Amino acid sequence: MYCLVDAVAFYASAEKVFDPAIRSKPVVVLTNNDGCICAICPIARRLNIPKFQPYFKVKHLLAKHKVVIRSSNYELYADLSDKMMNVISRFCDTQHVYSIDEAFLQFNGFTPLINDWHKYGQLIRRTVWRETKLPVGVGFGPTPTLAKAANHAAKKLNGFNGVAVIDSEHARQYILAAMDVADVWGVGKRLAKKLKLLNINSALDLAKQTPQRMKRLFSVVLERTVNELNGIVCLNWDDVRQDKREIFSTRSFGERLTDPVALKTALINHSIIVARKLRQQRSLTKRLLLFVASSPHESHYYKKSLVYELPVSSADSRVFAKAISEIFTQLYQHNVRFYKCGMGALELSSQQFQQPDLFAPSQDNIKLMECLDSINKRYGYDTLTLASQQQSQAWHMKRAFLSPQYTTRWQHLPKISCDL
DNA sequence: TCTGGGGTCCTAGGACCC
DNA sequence: TCTGGGGTCCTAGGACCC
């Protein structure tokens, strides 16, 4: 049995944790640079606020309904996520954290004392709420995809009260019949449109297809999904937690950038993040992809990307920074108002199997990097930096509606005043 | 006045080689 | 009259997820 626990409108709910005054109000959270709406609390959803719309286009609608607006506060969300995952982990011995707000639990051989999945799900919900003040939905099913479907039903269908269980053929058919095929995990907007042309409208319609036909018409991915919907586990644990095959760090700027030094510094900062992520999964990269671009909405769209091949696979921030300095002039162009840039690591390999070059010895110093990581982990990621990573305000994010960092800054601790 | 997220994986099609 | 291979690598863009 699999179980999926995920938070309801996580970012919006997280904003309500330390600010009870807005719990009964409609709340939306904006993406980086206050670009789009990325989270809508249930109260705001009832006002038909559209998701992933540019903020400036729905500004008037938000004002009309007096919607509370917040910028993304990742420090806060990451902390609350840790706390929530901690609570959830107590309910099963195998937990897989799938994203910032979702976790799968796998029960094989592990039977909870409460031998009733509905009651167990309610217990998870109540406990998470009591200890974190985050609302979660819980779904049980014999495969990850069915657990995901049950979770969807728990939140969207009437009468489930936040917990749904697929533990019988009747429950499976009932929940899948009520589910639009577009809501199936792994089926996006495009695929759903094509499926509907074949008269496959609900999740149950999809489940009734033969896996071979879906493979032939679409892909192996959809074949797996059909099997999963029929109770055959295809996404095994190892699959889900495999190392990443490429790692990126990209970001748009709060304001357009024309200064080459600022742009280069931004790139170097991305490379620092990528290097850190690489070291976290004990990988090295052979090739770096660097790109800079103006806004695609501008009349003269400028986009330039370059692949830099390292002589020896690396995860050393200093090697990356040097590579950027080397090729930066090929990326930069005068009179372009830069809007976005980033770096990716391609062709990853394991640190364990590094193939050294006899004639160009590695410039890596893993020990040094590990030391840097451990210091920065403890004291904050701006504690030890490269000289070329100089702090620059020029490309910082626009976050006009940022809530306090309740959990990571002493001076932001919530204050409680009481009149006695 | 201007404003439009970020990450990962997959695939079709082009370029090149023999 | 009409017809012409197969493999590898690279890249841009598509698709999906949250």
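Here is the naming used below: chain letters follow the sequence lines, and residue numbers restart at 1 for every chain. Predicted model only: the values in this text are computed from it and were never measured.
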Tell me the interatomic distance from [X], atom [atom1], to [N], atom [atom2], rounded to whole angstroms.
X: A:Lys189; N: C:dG14; atom1: NZ; atom2: P; answer: 13 Å
X: A:Lys398; N: B:dG4; atom1: NZ; atom2: C1'; answer: 10 Å
X: A:Glu246; N: C:dG14; atom1: CD; atom2: C1'; answer: 13 Å
X: A:Ile273; N: B:dG5; atom1: CD1; atom2: P; answer: 17 Å
X: A:Met84; N: C:dC18; atom1: CE; atom2: P; answer: 13 Å
X: A:Glu255; N: B:dG4; atom1: CD; atom2: C1'; answer: 16 Å
X: A:His96; N: C:dC18; atom1: NE2; atom2: P; answer: 12 Å
X: A:Lys59; N: B:dT1; atom1: NZ; atom2: P; answer: 13 Å

Between [X] and [Y], does the ring centre distance come in under 6.0 Å?
X: A:Tyr11; Y: A:Tyr77; value: yes
X: A:Tyr308; Y: A:Phe320; value: no
X: A:Phe91; Y: A:Tyr120; value: yes

Would you mind checking if [Y] and [X] are paired as a salt bridge, meaning a charged N to carboxylate O distance below 4.0 Å?
X: A:Arg23; Y: A:Glu15; result: no
X: A:Glu370; Y: A:Arg282; result: yes
X: A:Asp183; Y: A:Lys148; result: no
X: A:Arg90; Y: A:Glu131; result: yes

Give [X] one of three labels, base, sugar-phosphate or nothing, depending on what nucleic acid heavy atoms sit under 4.0 Å from its own.
X: A:Asp34; result: nothing
X: A:Gly186; result: sugar-phosphate
X: A:Phe52; result: base
X: A:Val58; result: nothing
X: A:Glu102; result: sugar-phosphate
X: A:Ser72; result: nothing
X: A:Ile100; result: nothing
X: A:Leu30; result: nothing
X: A:Val221; result: nothing

Item to complete: Please state whether the rings of A:Trp185 and A:Tyr98 are parallel, tilted or perpendicular, taking 30° and 60° as the class boundaries.
Response: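 Ring orientation, 0 to 90° scale: perpendicular.
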Worksheet entry | A:Lys196 atom NZ, neighbour heavy-atom count above 12 within 6.0 Å |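 More than 12 heavy atoms, drawn from other residues, nucleotides or ligands, come within 6.0 Å of this atom.
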Worksheet item: So with a 6.0 Å cut-off around OH of A:Tyr174, is the heavy-atom count from everything else above 12?
Response: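 No - once you tally the heavy atoms of other residues, nucleotides and ligands closer than 6.0 Å, there are 12 at most.
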Once salt bridge (Lys or Arg N to Asp or Glu O under 4.0 Å) is applied, do any residues pair with [X], and if so which ones, sequence neighbours excluded?
X: A:Arg251; result: none
X: A:Lys155; result: A:Asp6
X: A:Arg279; result: A:Asp373

Practice prompt. Compare the ring of A:Phe248 with the six-membered ring in the base of B:dG6 and state whether they stack (centres under 5.5 Å, planes under 30°).
Written response: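 According to the criterion (under 5.5 Å, under 30°), no, A:Phe248 does not stack.
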Worksheet item: DNA chain B: A:Arg337 or A:Asn32, which has the more 5' nearest nucleotide?
Response: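 Result of the comparison: A:Arg337.
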Discussion item. Need to verify one output field. Residue with the more 5' nearest nucleotide on DNA chain B, A:Lys277 or A:Glu298?
Written reply: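 So the residue in question is A:Glu298.
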Strictly below 4.0 Å: does [X] bring a side-chain N or O up to OP1 or OP2 of [N]?
X: A:Arg190; N: C:dG14; value: no
X: A:Arg256; N: B:dC2; value: no
X: A:Lys51; N: B:dG5; value: no

Tabulate protein N/O versus nucleotide N/O from nucleotides 15-17 of chain B, keeping only pairs under 3.5 Å, one per line.
none

Discussion item. So if I take every side-chain heavy atom of A:Ser252 and compare against B:dG4, B:dG5, C:dC18, which nucleotide ends up nearest?
Written reply: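 Looking only at heavy atoms from C-beta outward on A:Ser252, the closest nucleotide is B:dG5.
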Discussion item. Rounding to an integer number of angstrom, what distance separates B:dC18 and C:dG4 when you compare their C1' atoms?
Written reply: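 16 Å, rounded to whole Å.
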Discussion item. What verdict does the salt bridge (charged side-chain N to carboxylate O under 4.0 Å, His left out) test give for A:Lys59 and A:Asp34, after you've listed the backbone C-alpha separation in whole Å, the side-chain angles of each residue and the deciding distance to 0.1 Å?
Written reply: CA-CA 11 Å; A:Lys59 218 168 169 176; A:Asp34 296 340; over 6 Å; no
Practice prompt. Report the end-to-end axis angle of the helix from B:dG5-C:dC18 to B:dC18-C:dG5; each axis comes from five terminal pairs, and the value is rounded to 10°.
Written response: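 The value is 20°.
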Fill in: Contact pattern, 5' to 3', of nucleotides 7-13 of chain C - B, S or - by protein heavy atom under 4.0 Å
---SS--
